[in-house]
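Convention: sequence-line order gives letters A, B, ...; per-chain numbering from 1. Values reported hereafter were calculated over all heavy atoms of this structure, with side chains retained and with hydrogens, waters and symmetry mates removed.
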Amino acid sequence: MDLPIVYYNETEWAKTHTGNKVNKKHAIAGTQNIVIAGKTLIEEGVTIRGDLATVKIGKFCVLKARCDIRPCLKIFSKKPTMCNVIIGDYVYIDEDCIVNAAQIFAFVHLGARAVLGNGCVIRECSRVLPDTVVSPDAVFPPFSTIAGNPARVIGTEPMCTENLMTEAMTMYYDNFVPRQGATLVP
Amino acid sequence: MSALLQYGKIKYECSCGKWRTLPDLFFCRHCFKIKCDDCSCREIDAIFCPRCLDTSSPPEARLKKHKCTSCNDCPNCANVLSARVENEKYYLHCHHCRWSTRDAKQEDRESNKSWPTKENPVTNHLNEVTAYMKRMEVIENAPKDLKKGKGKAWSAIHLKDKFGVQQMVEKRRKAMVPEMNPLKAHDPTEAPTLEEEIENRSNVLRSLDQIIMQPLTNSNELLLPVKVPLQGRVMVRCDECERTLVKRDFGVATYKFKISSFAREFIPDIRMSRPVGELKIGETAHVFLSVTNLSSSPLELTITPQSGEGTIKCSNEPIQLNLPSSKSIDSAAGGVHAEQSDVIVFRQHNRVGLRLDVVPTESDLTSPVLDLLLNYKQDGSFSILAASEKVLKPEESGVDRILSAHLRINLS
Amino acid sequence: MTSREVRVRCEALGPRRHTAVFAHDFNKFFFSFLYSLKIKRDKLSSNTQAVLESLKAARRSSSGVSTSSILSVSSTALSQAISSIDNGKSAVIVEVGSKLTKVGCAGELNPRLIIRTEYTDDNGKLVTADEILALNNRKTASKSIEYYEDLLHKFLKMIFLRVLAPTDRPVIVVESMFMSEDLRKAMTKVIVERIRCKSLMFMPSHVCATFPFNTQNALVVDIGYSECVAVPIIEGVTMLNEFESARSICGRQLERRVRELMEKYGQVEELGGERRALEEADWEDINNIRLIETLSVSLICLDRERSEKWKEWEAAEGEKPSIEVLCEENLVPVGGKSIVVPSVVFETSVEIFFDESLNPDSFDMSLPKILHRLVSKCSIDLRKKLFPNVLLAGGVSTIPGLMKRLEQEIQYIDEKNETKFAEVVKFYQFSEIKNSPLFVSWVGASLLGSLRETIERRSLTLDEWRTGKLAADWTDMIVKAR
Amino acid sequence: MNAEYLWRSIVESVARSNLIFRKKVHIMTDSSRVSIATSTIVCVEAEIKGEVIIKEGCVVHPHVVFDATNGPIYVGENNIFEEFAVIRNNSEGQPMIIGDSNIFQVHSKCSAKYVGSRNVIGVHAHLEDGCSVSDDCSIGPKCRVFSKQNLEPSVAVYGPSNSHRVTSTPNLTPTLQLEFLRKILPSYHHLYNKKKVTAAAQ
């Protein structure tokens, strides 16, 4: 199924020069520490806690409504540091996701209402099914399908996930079209 | 990722007859066949620990008993055990169920490397049994070699015997057969009384999962951290011509591929571009498909709807298309040919939108499935035969070799 | 293997220095013979080089070793080095049980991985053991053979690829002797043809159970999850026509009994402390956390006197007399309430093995009766040898107190029938490892798996399978004999 | 019986400490009697309704909801309330008492009667009304403590079916994290000070 064309009205959305489209009703704090690589969609109600540590988000990411990116607390030899969050390119984060992760690599798909524990790492091309609870400090190898509470690797993703994700995300971004003057680009 | 693009609705038929979604299929460029994960054999090309992602060579992995020395799992809820520091001493702590190595009466350690696990207490006895069995094997095999040996030696026995060489070989063979000191059998013992067996057993019930994670610890002993088992990274190989279909790059954490022949890059990728409206009996419903050519060669393809058993009758006649390859830069004819305008909805560089008319009958409503047959020709760049072979066996991989793919689309 | 051929092989081994070291002494010659058999003739690859160093180091450490003892490789360092050379490609040992599956490498002393016989397929549905091994009884297998072969294929592939590279290793499958022909053929087809293992060999689980104890005669009682099979093994020979099996003595029936007792006596303690009987919602919670399975793994087996007392306790109507209890009541907190597991569940669930009346829907006799009937079927001179050598295998026989109770019951039946089989009842057991019955037959197969030549001779390779030959099986003897 | 007695003694001790606290911080109180210690950091986006007393050293992230319309909420020292946490007092008039050095993670809902100290309330955790959590407990993500349920000290609630387990290792007190937050947050958020308090009162 190709992705449907999604219309949005221009007034609610802010467009940055690198092509990011950010919904105005967001709860992003500490915008100076947030670095987005471009062509990323951030829907309404998204919280990114840039005030606690820097957050790097790759290109062609999609952060659906009300998901929450928070840096995680790491305690190295008595000195607590809020280590920054690095999210790779072509990452799709569904609604109501709470991401306390240290690092999410490229081509990852986080299901709705997934909770990622403090300081966990999800490698490339993995998929987290909806309603999973990933425990803190968990590391998952590439191409793993993660599900359950506590999260387990229950299968492997198709090997060509990288091409699928690039295609899907570019299509999602292209089909995200302002309301007036919508040209027919299926 | 197939969830977002809902690849689950469209199944292609593999050469072994199984129906799989396109991302799960591979294409063997030597035997020109579609391969699914059932009819391709898989091998392990690297052994790595899924948590700290460091690789270990097979003999090293075997010495470590295929368990990673530095990563541990919680014995209570099989979750991540993270290390915590208290006055320079490490102890392991599980965030999920807050089990910690202090519960197992393990004092904190300086190095977080190898936490103790329960050794097999009967190792020596079983090693003796192994050695004893090996000696028995040598004895058992000795006469067989002898019999085999005599057959060959018999023909030359007269010559050899002249100089008494045969006796010398016999003497040497006897020296080879070790003398037998039979190992004392492990004698059976009295049955332990019930009280002995359940004294100081903790009244917290131990579930089956906790037992099978560390079978050696008895019920009256405390659970110890469980080492994370190593995993093998998979390499796919076509089972007919033993050629590798998919091989990942060096290094365990990479997602790049050294060799990758996914079916997506060799078969036109058909997807539904718009959800099908509500199916009503007798009325023609429109199915909008998008055909994409992701391969590196322009394809001429004909799509012929099949109306076999249990599939929806489609009233379109076969559609002729030719799709430029995704890599060719000359932008093909953007417009839509007049005569096929009713069928072709839009035409992009290497994508074409089609509209098929479908008339569902009574039986189709439960599981409406549209059956399509796809025959296409490529410009010969698919096969990896050496140039000389291409010339010698044109029909093997040449231009006029017609490839076909059979697919079913679930319209529900 | 004439000596000329051996010398050629030594030179081909590696640089001149190696042959000089090995050639001059006879027992060293024999040692290089054993060593050269394993290493292929091609160039000494880097890791075998490392292995060669470790071997030499090991041999140097045991250099003061006399000729005979060089074969009785007692020091573990040396045996480790030996086993790491010759099992460059050691066999994979798999035992697919109806509840648990044990996987590991030949030569090792405990299975590397014990997992449940189930897996979640790609659309998230849990495929349980009954579906994977459905071919075991064709009556209940509704779907086609190919469908079950696919399930078996996915399951075995998931096991193999998680631990070892199966494709260039021999595989030994520990089978129960009464596995159906279809399941055996399906398993052979999957392992040899679809997963492409080097070779396949089936080993009966009862004979394997006797290897770790290195005994010739034993009465092997395998109490698994789906059935219990008792077979006498005399002088290493399985006495097939004296076997006994019972469907009512197994893990599944134990869980049925635990569920019955919980329905009868189980209670739920509310937050306020008052207790009420179990309702539908509680059962749903119980199934979520698999409480019935956890309970059936932590039962105990009483001796005769206590079980008599419990029988009176249960028979007494109305107010129950107080009774001295070994393991007290257990509270399992789940979902805000806590489920009260009375001690009657822990102590009397195992009675179904000893009292037929508790299993209404099966005609099998109780466990001691079955063993007694088995011994009386044996020929006269063997009867004395069986009861002193009882061997319990299978996951269910790890219940504490089961051996003691079995001994008492057998001796009770012995007096009743005035037969004198059971003056002495002893058990083969590893007292240090309480869970050893769980994987004792796997360990036996692993010990056998470390013998290279015997496996190669007895296992079935792909081309033999292509010619229609089936894996060696004890039924061949009967077919040949007829 | 002693649970009732214990509860009454806690309420009296907290009432006494609140009186001392209010005298010290009289400038901050106003008609809606929201009184916040000077060293506490409360972000402006936090919604505080009804009678709430927050003692020293607490940190309240933005979008936290304190709903004390049905009954007063007394919060101890060094607590962390992460964003979207909801602290609602549903009991009629009964005070809700929260001890010190607790962590209420993102989207955690607490309408308990009493929360002790050094607890960790997980993401999406839900403390139903009338339950009481003693010290050193940890409620896992998406777990629930049912209404009128009392948790003994150092209990961990985890897993999809809220299994309980008594643990021996105490939770790490968030002192280090608190200092870090007190240093960082003021530079990014407007703080909830007197001006906002009077504005909320109208």
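Proximity to chain A (any heavy atom under 4.5 Å) is shown, for A263(B), by neither the backbone nor the side chain. Within the 4.5 angstrom heavy-atom criterion, only side-chain atoms of L294(B), from C-beta onward, approach chain A. Residue contact with chain B, scored on non-hydrogen atoms closer than 4.5 Å, involves the side chain of P142(A) exclusively. Using a 4.5 Å cut-off between heavy atoms, C125(A) touches chain B through its side chain atoms alone. For a residue to count as touching a neighbouring chain, one of its non-hydrogen atoms must lie under 4.5 Å from one of that chain's; by this rule R84(B) does not touch chain A. At a 4.5 Å heavy-atom cutoff, F288(B) makes no contact with chain A through either its backbone or its side chain. For chain A, the nearby part of C77(B) is the backbone; its heavy atoms alone come within less than 4.5 Å.
Here the CZ atom belonging to R51(B) is positioned 9.5 Å from the CG atom belonging to D137(A), to the nearest 0.5 angstrom. To the nearest 0.5 Å, atom CG of residue N79(B) and atom CZ of residue R152(A) are 6.0 Å apart. Rounded to the nearest 0.5 Å, atoms OG (S82(B)) and CG (N118(A)) are 9.0 Å apart. A distance of 11.5 Å separates SG in C120(A) from NE2 in H95(B), rounded to the nearest 0.5 Å. Note that CZ of R248(B) is 5.0 Å distant from CZ of F143(A), once rounded to the nearest 0.5 Å. In this structure, NZ on K256(B) lies 4.5 Å from CD on E162(A), to the nearest 0.5 angstrom.
A donor-acceptor contact shorter than 3.5 Å is absent between the side chain of R123(A) and the backbone of T254(B).
Dense packing is recorded around CZ of F176(A), with more than 12 heavy atoms of other residues, nucleotides or ligands lying under 6.0 Å away.
Proximity of P136(A) to V80(B): side-chain heavy atoms (C-beta onward) are nowhere separated by under 4.5 Å. The shortest side-chain heavy-atom distance between F48(B) and P141(A) falls under the 4.5 Å cut-off.
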Between N163(A) and E265(B), is the side chain to side chain contact (heavy atoms under 4.5 Å, CB included) condition met? List the steps.
CA-CA 10 Å; N163(A) 318 357; E265(B) 285 141 14; 3.3 Å; yes
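Taking the six-membered ring for Trp and the full ring otherwise, the centers of Y255(B) and F107(A) sit less than 6.0 Å from each other.
Between E167(A) and R264(B) there is a salt bridge, with a side-chain nitrogen of the basic residue lying less than 4.0 Å from a carboxylate oxygen of the acidic one.
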